[in-house]
Amino acid sequence: MCGGWPRARVGRERCGFGLPVRQALRWPARRSAEGSLSAERLERQPLFKPACVQGLWHRFLDGASGGELGLWAILVFQSWMDRWTS
């Protein structure tokens, strides 16, 4: 043991871990995401094309995979903008 960690773990390369973005966007963050990704909200912040984001959101809700990280990035960016530009 090394500081409470088994030696086999101490010498290994670092490895990351995935965030459960898909599950978070389905629940509990869905209501917040729907508000942040609404066309009206996106039009107030002209950095994203509302039709594209809405299409990505609706494909995600229909079960398509691959768009959740982009949606998450938009949500985080909008949260940052709300915090620092309001």
Side-chain angles (χ1 to χ4, degrees):
M1 300 284 286
C2 180
W5 288 88
R7 288 207 178 274
R9 294 218 172 207
V10 173
R12 283 186 1 187
E13 286 186 39
R14 291 175 55 171
C15 61
F17 57 91
L19 296 173
V21 173
R22 190 166 191 75
Q23 293 85 353
L25 289 176
R26 295 238 179 245
W27 179 263
R30 181 175 176 166
R31 185 175 304 210
S32 175
E34 285 177 339
S36 293
L37 299 174
S38 70
E40 297 81 21
R41 172 78 195 303
L42 291 166
E43 287 169 358
R44 287 193 308 249
Q45 212 170 54
L47 298 171
F48 305 106
K49 293 181 179 177
C52 293
V53 175
Q54 286 281 294
L56 187 61
W57 177 242
H58 291 293
R59 284 191 297 278
F60 170 77
L61 293 177
D62 287 342
S65 62
E68 57 268 11
L69 293 180
L71 291 167
W72 187 258
I74 292 169
L75 290 167
V76 169
F77 179 78
Q78 286 184 319
S79 177
W80 182 88
M81 288 288 288
D82 289 345
R83 171 71 170 96
W84 296 104
T85 62
S86 296

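When the options E40, R41, E43 are evaluated for a side-chain contact (heavy atoms from CB on, under 4.5 Å) with P50, the one that passes is E43.
For E34, the salt bridge (charged side-chain N to carboxylate O under 4.0 Å, His left out) partners are R30, not counting sequence neighbours. In this view, R22 and E68 satisfy the salt bridge (charged side-chain N to carboxylate O under 4.0 Å, His left out) rule, not counting sequence neighbours.
Within the 3.5 Å criterion, the main-chain N or O of A33 finds no donor-acceptor partner in the side chain of S36. The closest donor-acceptor contact from the side chain of Q54 to the backbone of L37 lies under 3.5 Å.
Criterion: ILVMFWY side-chain heavy atoms under 4.5 Å apart, direct or through other members. Under it, L19 and W27 are not part of a common hydrophobic cluster.
Contacts classified as ring-ring contact (aromatic ring centres under 6.0 Å, His included) and involving residues 31-57 (residues at least two apart or in different chains) are given here: F48-F77, W57-F60.
To the nearest 0.5 Å, atom NZ of residue K49 and atom CG of residue L42 are 13.0 Å apart.
You'll find the side chain of Q23 stays beyond 4.5 Å of the side chain of R26, heavy atoms only.
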